[in-house]
Amino acid sequence: MPQFLDARAVPDGSVLSPDLAIIGGGPAGISLALALANSNLKILLLESGSMHFNAQTQNLYAGNEVGIPYVPLDETRLRYLGGSTNHWGGWCRPLTEIDFERRSSVPYSGWPFGRATLEPYFPRAQKLVEAGPFVYDALADSVGGMGPLLELGLGGVYSSFFQFSQWAGNPEHLPTHFGERYAADLKRIPNLDVMLYANVTGLRLAANAATLDHLDIATLSGRRFRVQPHAAVVATGAIESARLLLASNDVMASGVGNQHDLVGRFFADHAIPRNTATLVIFRGALPTYYTRTEVLSGLHFRATLAASDTFKRSAKVLGSLTTVEQTVALDAVGTAAVTQTSSILGADASGASAYALGCGFELHPDPNRRLTLTSERDALGMPRLKLSMTISDADFTSYERTLKELGRQLLVARSGMLRLNRTTRADWLSGLSWGNHHMGTTRMHVDARQGVADANGRVHGIANLFLAGSGLFPTYGASNPTMNLVALTLRLADHLKEVMV
Ligand SMILES: Cc1cc2nc3c(=O)[nH]c(=O)nc-3n(C[C@H](O)[C@H](O)[C@H](O)COP(=O)(O)OP(=O)(O)OC[C@H]3O[C@@H](n4cnc5c(N)ncnc54)[C@H](O)[C@@H]3O)c2cc1C
């Protein structure tokens, strides 16, 4: 079987000329390469790392964070083949219709196309991430044998589901690590070369700034050479893609695609506050599929309490996926509140159980939550990044409204009650972590003044430079990004086949 190429063995000053260069071998880059297998394109996938973690390579990702606490930039992602899927959680869920819509209550919202455009790609993306059949909300019809759904009646919150990536044949039941899982498949593709240890350090434009001329490649061992493709796709993750565009500022002084000062802005992640509320169920315990991953006909899933699109529209709230975490013991005040409330409702709460709720919620798009270059340089001479992280009070109150709706529904259904555990900004911030779901930094928009890339992921103004990944998401939804970004990448593969083959 052919092997991967090693950039450290390429002579200094060489020029390689594939039809298409894919920069980055994470789930986006690997899915694109797999989707273009056996096409007429000669493809070179350039990956910074190797098959394994290496501290010196990982250090290329280090940067600074200011503003509210965020995960250090060299801990929130991994730099070797497979990218951050080498440590992802494997949680999958498709974006919903409203996630694509332009909403007057959400400035900067809206994708250049609706969910229907991605729909044909979801089942294939689902296969690549190795989750079960593409069934999500409809799982509600199948789980009854494992215990009834939480009674919520009609309202803005309903029981929906995550599915989980399951690496086929992996004895440890890990989610799919794209590098290791697909290495053999990539090696078998006749029109593809994968080159490891190949860091792209510059996207060099022709003098007219309208086309990409070549890529600068550097290895940590000191080699320097060029790749001169007909077209290139930057698939280095939402943070690094912005860095590469911004740092390539020799022809366009503000950086490639940054003529309207948009690259690196609108950074987003899913906020994950812990113990946001205490949920009390009056009658017995919740089925275990609410509190942990369960398996049904080989499909790994877990229930979540999702804000419906109808509610998001009418109450003007953003997406959130509330999870039921561990059981908790009620204190005296809590016990008294349950006794009093259930008796007012005429409900039997003698077997009540209580749970802490967690959540992943969507942030409002914010141009000031952004990545910028600093004067500090990495070992290859690339400027390091600074992330200015923000979260607004509106982000918290939006989710609080959804929790209040959940509480209202429980009371109306007489099935339970809810106590909110976080009210002030300081409360919310004290229990906050992040999904490591980087999005938004190279957003799509049909109008070049409002987006870095067009609806096909092509950088506005540059004929042969494309982007892949969740940096393209203009609004984020609450769903985990990876299966969705793989679907978007499969769509890009179809587009490239149309325009290049
Ligand atoms: C701890 C953790 C848990 C997560 N859990 C989930 C989850 O449960 N569900 C979910 O949907 N998502 C999850 N994610 C997010 C998920 O991992 C990302 O959405 C996904 O990996 C992004 O894919 P990508 O291909 O766009 O980028 P990446 O995975 O970041 O891959 C980018 C690739 O580009 C390479 N590269 C970078 N710079 C260069 C360069 N200059 N030249 C050449 N190559 C370069 C990197 O080495 C890497 O291989 C999690 C992330 C983390 C960190």
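Here the structure is a predicted model, which means the values were calculated and not measured. Atoms within a ligand are numbered from 1 in the order they appear, just like the ligands themselves.
For the pairing with Leu95, the side-chain contact (heavy atoms from CB on, under 4.5 Å) check across Asn480, Asn484, Thr475 returns one residue only, Asn484. Remark: of the listed residues Ser160, Ser308, Pro94, Ser160 is the sole one forming a side-chain contact (heavy atoms from CB on, under 4.5 Å) with Asp137. Among the candidates Ile30, Thr482, Val486, Thr176, the single residue satisfying the side-chain contact (heavy atoms from CB on, under 4.5 Å) test with Leu128 is Val486.
The nearest non-hydrogen atom to atom 40 (C) of ligand 1, considering only Arg79, Glu47, Gln58, Arg243, comes from Arg79. Across His270, Glu240, Met195, heavy-atom proximity to atom 38 (N) of ligand 1 is greatest for Glu240.
Residue-ligand proximity, Leu46 to ligand 1, at heavy-atom distances under 4.0 Å covers atoms 43 (C), 44 (N). Within the listing of ligand 1, atoms 29 (O), 31 (O), 48 (C), 49 (O) sit less than 4.0 angstrom from a heavy atom of Gly83. Proximity to Gly90 (heavy-atom distance under 4.0 Å) selects the following atoms of ligand 1: 7 (C), 8 (O). Atoms of ligand 1 found under 4.0 Å from any heavy atom of Asn480, numbered from 1 in the order shown, are 9 (N), 10 (C), 11 (O). Residue Thr76 approaches ligand 1 through these ligand atoms, each under 4.0 Å from one of its heavy atoms: 53 (C). Each of the following atoms of ligand 1 lies closer than 4.0 Å to a heavy atom of Asn199: 42 (N). For ligand 1, the atoms sitting less than 4.0 Å from at least one non-hydrogen atom of Gly25 are 33 (C), 34 (O), 49 (O), numbered in the order shown with element in parentheses.
The environment of CD in Gln56 is sparse: at most 12 heavy-atom neighbours from other residues, nucleotides or ligands sit within 6.0 Å. Atom CZ of Arg226 has 12 or fewer heavy atoms from other residues, nucleotides or ligands within 6.0 Å. Within 6.0 Å of CD in Glu97 there are 12 or fewer heavy atoms belonging to other residues, nucleotides or ligands. When the shell of 6.0 Å around NZ of Lys187 is examined, it contains more than 12 heavy atoms from other residues, nucleotides or ligands.
An N or O contact shorter than 3.5 Å is missing between Gly49 and ligand 1 by distance. At least one N/O-N/O distance between Gly89 and ligand 1 falls below 3.5 Å. Ligand 1 has a nitrogen or oxygen under 3.5 angstrom from a nitrogen or oxygen of Ser48. For ligand 1, the polar-atom distance check against Val200 finds a nitrogen or oxygen pair separated by under 3.5 Å. Distances between N or O atoms of Tyr80 and those of ligand 1 include at least one value under 3.5 Å. Considering backbone and side-chain N/O atoms, Gly82 never comes within less than 3.5 Å of an N/O atom of ligand 1.
For atom 52 (C) of ligand 1, the closest non-hydrogen atom of the protein is Asn436 CB, 3.4 Å. For atom 25 (O) of ligand 1, the nearest protein heavy atom (residue, atom name, distance) is Ala28 N, 2.9 Å. Closest to atom 31 (O) of ligand 1, if we only count protein heavy atoms, is Gly26 CA, 3.4 Å. Of all protein heavy atoms, the one closest to atom 12 (N) of ligand 1 is Thr482 OG1, 2.8 Å. Annotation: atom 29 (O) of ligand 1 to nearest protein heavy atom, Ser84 N, 2.9 Å. Among protein heavy atoms, atom 2 (C) of ligand 1 sits closest to His87 O, 3.6 Å. Atom 37 (C) of ligand 1 has its closest protein heavy atom at Tyr61 OH, 3.2 Å. In terms of protein heavy atoms, atom 9 (N) of ligand 1 is closest to Trp91 O, 2.8 Å.
Contact annotation for His437 and ligand 1: only side-chain heavy atoms (C-beta onward) come within less than 4.0 Å of the ligand. The proximity of Ala198 to ligand 1, defined as any non-hydrogen pair under 4.0 Å, is limited to the backbone. Contacts between Ala468 and ligand 1, counted as non-hydrogen atom pairs separated by less than 4.0 Å, are absent for every part of the residue.
Side-chain contact of Tyr399 with Thr322: a donor-acceptor pair under 3.5 Å is present, judged by distance alone. Residues Glu119 and Thr117 have side chains that never bring a donor and an acceptor to within less than 3.5 angstrom of each other.
Ring geometry, Trp167 versus His177: the interplanar angle falls from 30° to 60°, so the pair is classed tilted. Note on ring orientation: taking the six-membered ring where Trp is involved, the planes of Phe113 and Trp111 are perpendicular (angle over 60°, cut-offs 30° and 60°). Between Phe134 and Phe122, the ring-plane angle classifies as parallel under the 30° and 60° cut-offs. Ring orientation note: the planes of His270 and His437 are nearly perpendicular, at an angle over 60° on the 30°/60° scale.
Residues Asp261 and Arg370 are paired through a salt bridge, judged by an N-O separation under 4.0 Å between the basic side chain and the carboxylate. Ion pairing between Asp185 and Arg181 holds under the 4.0 Å rule for side-chain N and carboxylate O.
For Pro27, the closest heavy-atom approach to ligand 1 falls below 4.0 Å.
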**OP:** Report the C-alpha distance between Asp216 and Thr201 in whole Å, list the side-chain angles of each, state the deciding distance to 0.1 Å, and finish with yes or no for side-chain hydrogen bond (donor to acceptor under 3.5 Å, both in side chains).
**Re:** CA-CA 5 Å; Asp216 283 341; Thr201 53; 4.9 Å; no
